Novice: 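Handing you this structure, nothing more for now.
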Protein chains: 2
Amino acid sequence: MSSTPMSRKEQIDQVATSLFKSRGFAATTMRDLALELGIEAGSLYSHIKSKEDILQRVCFKMADEFNAAFNEVKNQDVPAGEKLRLAVAAHVRVLTKNPQAAGVFLNEWRHLSEPSLSKFHDMRFQYEESLREIVREGIANGEFKVTDEKFVVLTLLSSLNWLHMWYKPEGKMSPDEIAEFLSNLLLNGLKNF
Amino acid sequence: MSSTPMSRKEQIDQVATSLFKSRGFAATTMRDLALELGIEAGSLYSHIKSKEDILQRVCFKMADEFNAAFNEVKNQDVPAGEKLRLAVAAHVRVLTKNPQAAGVFLNEWRHLSEPSLSKFHDMRFQYEESLREIVREGIANGEFKVTDEKFVVLTLLSSLNWLHMWYKPEGKMSPDEIAEFLSNLLLNGLKNF
DNA sequence: TTAATTTGCTAACAGGCGTTCGCATTAGTA
DNA sequence: TACTAATGCGAACGCCTGTTAGCAAATTAA
């Protein structure tokens, strides 16, 4: 798969991500993590700074990926409906590429301490604002019949962000198929799907 | 408001719910909880059995409320689309009546230990299955154009269950208005809203 | 009044927590 | 070869955790 092997630090991050996802950040101990890696708890500190250090890396790496994926959509010159479709697909792609990290990003960020927490909030707001912008565009040109773009974006993200709970890479739907399904459902509704 | 005053135990549950919601179960200490109530940590145990005892009560009380609300919809003789609308409204009503407890119910249940955890899983599955039944009905009689009822119900619940994150009782939309908005969005989509 | 119940305090327990320290071993590089 | 960096051990630290025990007030019921 990947040509260069993972550094020990990256291994730790990966295993920690898996534990944070399934047990939660607070309920995962450094001794659990060490056990999973076959080493002693103290040994972890040859590679990482602290427990929260790991969480920060996971959260902000995912934030970067979401931003990167969205930026490829942002300035395309297409109708709002189509742009929203592309944004959904981009979001779903990031979400499904690493469901474990996505789960941590979505559920464990609140265990960040300041100033990381504020920075995280800001990035998230920015991302949501960009989506609202698209919806506003669609409302303005008559594509969307809805009026409350805040509510729409919250609902949109809510339905997307549950994905990491049940998505399995070996499942029968590909990320792109999932994205298409969700786009259709949200844009056209159950009745006109 | 309520005629009979809250027992100390109910007070504890309520304050604990608020803390579990905002900080998470694992990150809330009994000393935090006691502080909030103006007593010492040890004093809590004159009223409750254990920390998880509180969590169990909150989770299963909410589960009961969701079931009760849904049961009033279940056997009504209306088209699937209308029944789904009613179910959404019922779900939203429970969610908004006590957003704090709803948040705990939705996010902290995984800290339940066996056998409560299995019982919780079963109840949840049952609830979701009932919703899938409605969607299947709608697919069978041509009301819904969609084919994958599992996916639909997951998306439906996902968008509803984020509500507790931002709903404020003093906000400008009533629970019924929220329910109507969400029903329209999901049934008709952004374009045909 | 007496008796029972509710409510709370203080102190302590046994164990778990994230983290540090000094030292050893291994692997890579020149 | 010798130097350096990566990797790990094991013990210990100071603190925090849920919970218990024994006792004392306060409240309520009879």
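None of these values were measured; they are calculated from a predicted model. Residue numbers begin at 1 in each chain, while the letters A, B, ... track the order of the sequences.
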Novice: Please determine whether a side-chain nitrogen of the Lys or Arg among B:Glu65 and B:Arg93 lies less than 4.0 Å from a carboxylate oxygen of the Asp or Glu.
Specialist: no
Novice: Nearest whole angstrom, please: distance from the C1' of D:dT17 to the CD of B:Glu52.
Specialist: 15 Å
Novice: Look at the side chain of A:Ser50 and decide which nucleotide, out of D:dC9, C:dT19, D:dG18, has an atom nearest to it.
Specialist: C:dT19
Novice: Taking the nucleotide of DNA chain C with the nearest heavy atom to each, does B:Leu37 or A:Asp32 sit closer to the 5' end?
Specialist: B:Leu37
Novice: Let me know, please, whether B:Ser46 or A:Ser43 comes out on the 5' side of the other along DNA chain C by nearest nucleotide.
Specialist: B:Ser46
Novice: Can you classify the ring geometry of B:Phe105 versus B:Phe66 as parallel (below 30°), tilted (30 to 60°) or perpendicular (above 60°)?
Specialist: tilted
Novice: Under 4.0 angstrom, heavy atoms only, what part of the nucleic acid is A:Ser7 near: base, sugar-phosphate, or nothing?
Specialist: nothing
Novice: Does OP1 or OP2 of D:dT7 have a side-chain N or O of A:His47 closer than 4.0 Å?
Specialist: yes
Novice: Does the salt bridge (Lys or Arg N to Asp or Glu O under 4.0 Å) test come out yes or no for A:Glu129 and A:Arg136, once each step is laid out?
Specialist: CA-CA 10 Å; A:Glu129 182 61 22; A:Arg136 262 184 241 119; 2.9 Å; yes
Novice: State plainly whether the residues A:Arg23 and A:Asp32 are in salt-bridge range, i.e. N to O under 4.0 Å.
Specialist: yes
Novice: Round to a whole Å and report the spacing from CZ of A:Phe25 to C1' of C:dG18.
Specialist: 10 Å
Novice: What is the bend of the helix from C:dT1-D:dA30 to C:dA30-D:dT1 when you compare the axis at one end with the axis at the other, using five pairs each and rounding to 10°?
Specialist: 20°
Novice: Taking OP1 and OP2 of D:dT20, is either one under 4.0 Å from a side-chain nitrogen or oxygen of B:Tyr45?
Specialist: no
Novice: Nearest-Å distance, CD1 (B:Ile39) to P (D:dA26)?
Specialist: 17 Å
Novice: Nearest-Å distance, NZ (B:Lys51) to P (D:dC16)?
Specialist: 15 Å
Novice: Starting from C1' on D:dA24, measure out to CD on B:Glu40 and report it in whole angstrom.
Specialist: 15 Å
Novice: Would you mind checking if B:Arg57 and B:Asp53 are paired as a salt bridge, meaning a charged N to carboxylate O distance below 4.0 Å?
Specialist: yes
Novice: Once you round it to whole Å, what is the distance between P of D:dA5 and NZ of A:Lys9?
Specialist: 17 Å
Novice: Below 4.0 angstrom from OP1 or OP2 of D:dG8, is there any side-chain N or O of A:Arg8?
Specialist: yes
Novice: Write down the distance between CE (A:Met6) and C1' (D:dT7), rounded to a whole number of angstrom.
Specialist: 17 Å
Novice: On the side chain of A:Arg31, is there an atom forming a donor-acceptor pair with the base of C:dG16 - under 3.5 Å, no angle test?
Specialist: no
Novice: A:Phe125 ring centre to A:Arg132 NZ or CZ under 6.0 Å, with the angle to the axis within 45°?
Specialist: yes
Novice: Relative to each other, are the rings of B:Phe151 and A:Trp166 parallel, tilted or perpendicular (30° and 60° limits)?
Specialist: perpendicular
Novice: Rounding to a whole Å, what distance do you find between A:Ile48:CD1 and C:dT19:P?
Specialist: 7 Å
